[in-house]
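We name chains A, B, ... by the order of the sequence lines, and we start the count at 1 in each one.
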Amino acid sequence: MIFTISNLTQIQNFQKDLESTSIVPLDVESNSLDRLTALWITLQLKLGENTYIFHIPEFGVKNITYVTDLLKSSNKLIVGHNLKYDIGIIKVNTGIMLTNLHDTFTSEVIIFAGVGDFYPSLRDLVKKYCNTILDKESRELFINYKLGDILTEQMIQYAALDVQYVEKIRDEQLKLVDERKLNRTYELENKLVAVTTSMELNGVKIDSSKWAGLTQSALDDTRRLEEEIKDEIVTRLPRFENAYGACKAIGISKDADGNNLQTIKHSTPLKYITEYDFIVDWIRRNINVQSNAQIKHILQLAYNLDVTDTNEKTLLLLKNPPEIVSKILSFRERAKKQTTYGDNILDLIHKKTGRVHANFNQNGTSTGRYSSSQPNLQNIPRENDYRSCFIAEDGYDIITIDYDQQEYRLATGERKIIDAYLAGKDMHTLTASIINNVPLDKVTKEQRTNAKPVNFGLFYGATVWGLKYNLGISLEEAQRIYDAVLGGIPTFIGARNKFGDEILKRMYSKTLLGRRRYFKGQDRFEDTKEYQKFITKIKREGFNHIIQGTGADITKTALNLIYYENPFGEENLKIILTEHDEIVCEVRKEYSQPAFEFIKSKMLQAEQPFLGEIPASISGTISNCWSK
DNA sequence: CATGAAAGCGCC
DNA sequence: AAAGGGCGCTTTCATG
């Protein structure tokens, strides 16, 4: 039976049913995807055979808060799809965060990590597990709902539909969780859904005038550099018969007015621009410094550079780079700041809160890490100029804490690595001591710095050829370094093969928590070369998953500990960002010091069990802004 | 005009 | 034989 509830006198049956069930399928309908401003229209709860639909505008916020509190205090298990949305609406309107959850979305993603969809919809899961087609997303019916509207019969039917299947989906998912021994990952991730919700709703404050200043300066530089680059290019280009020839040679596909030149006819007017000055003028106006294809042709034509691409690494490794190269790189750096890190970030400041509420996709990666979007707060430039634009609200501080070499500490159980960390040294110092054949405490700063990219490369599975290319050294030197590291700390490279065979056999890798990443098989290969590539790729990715994914396990465990054990109250300690091995919180000033100690201790507590003898280590700051 | 791939680059 | 893991955003360019 479906019951629509619009006032308090109608909830007697609901309360009776609630007492006799511990699992509650839940869904929310509203008129917008923005949880902070959406009009909450219905709350649907399925209790046994009965479905209760609360019409919120009639039922009232005070009463729905009472109902939510019943769910929370009786610790019902809430089952729903992508609950980040629903519990967000509930939190915004009632102040209550539901935390005992089975999220069919999150659960599905971790069960099929690596081979499944990053965004399975409820409809997908209903089809898969219940063999039923949900013919319409009920949400569409509610978009035009206005305050004072009644619930139509159609709205009621569709709203009810969304809570009919999730329990069955949960049953099937739990079987898979069990089969795949994902229990710890399952617990971690479902607990984390409320933390992610809280983090997104908290948002982060931005000093917009400072940010706008950075953008303006980037714009000024971009324009200046563009002119300088064009000026220089036109003096270096060979002579062309006419503008058409220049256009073809440089690969200009669109002119400055946006006209498509690809479809250009043989009898194009460009052919009649033959005067030298006119050709130069035409080129000057129509080359696009942002077009990498054009830049490539220009470097080849005008500078005799044998380049197949123009990315930064390629350009930096050039033997005698012309001056234009550094100008191009500066231009790109400034242009990136002006576009990706420009006004569009300010456009995302929420009108109601004045803060930026990025999306944190809890399993937006195949390894178990978060991803972030709109905006991506996990790739803000590291420079203090940029990070310091993320500021604390009046009366608050920002606490930034990150793990020291989280992934290297997880890399192997190698004795030498353990001893190095126990001695207060780190992975880069150790590798430097091995490459240069000097004792740990004789390693110079420069040697350590030089060892960083070696570690970086080898850690991600670089071959000798990879080292040569990426470090810009000879093959012999690359081989020497590779052999030295392999000899000195064999498992740093060797572990990949050790685990690799197992990964290949099972076609999944697993982290120390048990989180899995599956790999897609391939039926047939044209030749053995292709097959070799396929194998080494899986070994690389699988090994990386063990490390990167365990890192994610640790950081996510810490987030849960901080959120659920927060002794200061959620208004006094808010988690606002996470960046893989880093957690950023906003804390009321009077609690800054104890909160700092609290967060540190929780992060260490989360990490230590995964490290064995190696000591967990973090570092952080209390500041008025996000800091390095 | 819309769409998707590819190049490039920001972060861990 | 041969070019390190994981992301998201912006732009260009080809295609239909």
A:R517 side chain N/O closer than 4.0 Å to the phosphate oxygens (OP1, OP2) of C:dG5? no

With a 4.0 Å heavy-atom cut-off, tell me which residues in residues 482-503 of chain A come close to DNA chain C, sorted by residue number. none

Could you tell me whether A:K416 sits above the aromatic face of A:F492, with NZ or CZ closer than 6.0 angstrom to the six-membered ring centre and within 45 degrees of the axis? no

State whether A:Y518 and A:R180 meet the cation-pi test: NZ (Lys) or CZ (Arg) under 6.0 Å from the six-membered ring centroid, and within 45° of the perpendicular axis. yes

Could you check whether the rings of A:H357 and A:H350 sit parallel, tilted or perpendicular, using 30° and 60° as the cut-offs? perpendicular

Describe, in one word, how the ring planes of A:Y119 and A:F105 are oriented to each other, choosing from parallel (under 30°), tilted (30 to 60°) and perpendicular (over 60°). parallel

By side chain to side chain contact (heavy atoms under 4.5 Å, CB included), A:K533 pairs with (sequence neighbours left out) A:E530

Under-4.0 Å salt bridge between A:K327 and A:E232: no

Partner residues of [X] under the side chain to side chain donor-acceptor pair (under 3.5 Å) criterion, sequence neighbours left out:
| X | value |
| --- | --- |
| A:S388 | A:K210 |
| A:H580 | none |
| A:S474 | none |

Sequence neighbours left out, what passes salt bridge (Lys or Arg N to Asp or Glu O under 4.0 Å) with [X]? Give chain and number order.
| X | value |
| --- | --- |
| A:D221 | A:R224, A:R334 |
| A:E607 | none |
| A:R517 | A:E541 |

For DNA chain B, which residues in residues 307-317 of chain A have a heavy atom at a distance below 4.0 Å? A:D309, A:T310, A:N311, A:E312

Would A:Y460 pass as stacked on C:dG5, i.e. its ring centre under 5.5 Å from the base's six-membered ring centre and planes under 30° apart? yes

Please convert DNA chain C into dot-bracket. A pair counts if it is Watson-Crick or G-U wobble with both distances under 3.5 Å; crossing pairs go in [ ] and bases paired with another strand get |. ....||||||||||||

How would you summarise protein contacts on nucleotides 7-13 of chain C per nucleotide, using B for base, S for sugar-phosphate only and - for none, with heavy-atom distances below 4.0 Å? SBSSSSS

Heavy atoms of chain A, cut-off under 4.0 Å: which first and last nucleotide of DNA chain B, 5' to 3', fall inside that, if you could look? B:dG8 to B:dC12

